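To keep things clear, I will list the structure first and then write my remarks on it.
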Amino acid sequence: GDTNSWGTDYCARPDAAIVTANPTTSPTVSPTISSAPTSPYPRLKKIGNDWNPSSGFPLSECEGDCDKNLDCKGNLICFQRDTTESVPGCLGEEGESPRTDYCV
C-alpha cells in the first residue's frame, strides 16, 4: 500500500469480483456511469437482538445485532465494532445503526 495506509489492516473477500453496471469488451474514453451500480457485497441489515425475533436467528452475513459467534450462522463470526466502525465485506454507512454488531 501507500505510505498513508501504514499500520492499517484491510479485509477482503477473495471470491468477490468487481462488477460494473454495463461492462464493455474494449476500453472506453470515459467510465460507464449507472444509476444502479451492482455489488457482490450484502447490505447491512439489522434483524433484532438477543434472539428476538427468534425467527431471525441465527443471523446471516451482514446481519445484526449479534453479541457472540453463536448468534451467527455456520462459520460466520460476530464482528464487534466500535460505534461507527465500518463492517468488512458489507455495504452500508459507518453511522448506520452505530451500536449494532454484525455477522461476517
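This is a predicted model, so every value here is computed, not measured. For reference, positions follow the sequence shown, starting with 1.
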*Would you name the heavy atoms of C66 and F79 that are closest together and state the gap between them?*
SG-N, 4.2 Å

*Is any side-chain heavy atom of C72 closer than 4.5 Å to a side-chain heavy atom of Y102?*
no

*Using modelled atom types only, decide if a donor and an acceptor are shared between the side chain of E61 and the backbone of P42 within a distance under 3.5 Å.*
no

*Quick one: pull up CG in D65 and CG in N52 and give me the separation to the nearest 0.5 Å.*
12.0 Å

*Do L44 and L59 share a hydrophobic cluster (ILVMFWY, side-chain heavy atoms under 4.5 Å, transitive)?*
no

_I need the single residue from R81, E85, K68 that forms a side chain to side chain contact (heavy atoms under 4.5 Å, CB included) with D101. Which is it?_
R81

*Please report the closest heavy-atom contact between Q80 and D67, naming both atoms and the distance.*
NE2-O, 3.1 Å

*Give, for atom CZ of R99 and atom NZ of K46, the distance between the pair rounded to the nearest 0.5 Å.*
10.0 Å

_Which atom of K73 lies closest to which atom of S60, heavy atoms considered_ = NZ-OG, 3.2 Å

_Cluster overlap V87 with L91, hydrophobic side-chain contacts below 4.5 Å_ = no

_I'd like to know whether C90 forms a disulfide (SG to SG under 2.5 Å) with C62, so could you lay out the CA-CA distance, the side-chain angles of the two residues, the decisive distance to 0.1 Å, and finally the verdict._
CA-CA 6 Å; C90 302; C62 299; 1.9 Å; yes

_Distance, nearest 0.5 Å, that separates CG of L76 from CG of N69_ = 9.0 Å

*Kindly confirm or rule out an SG-SG distance below 2.5 Å between C78 and C103.*
no

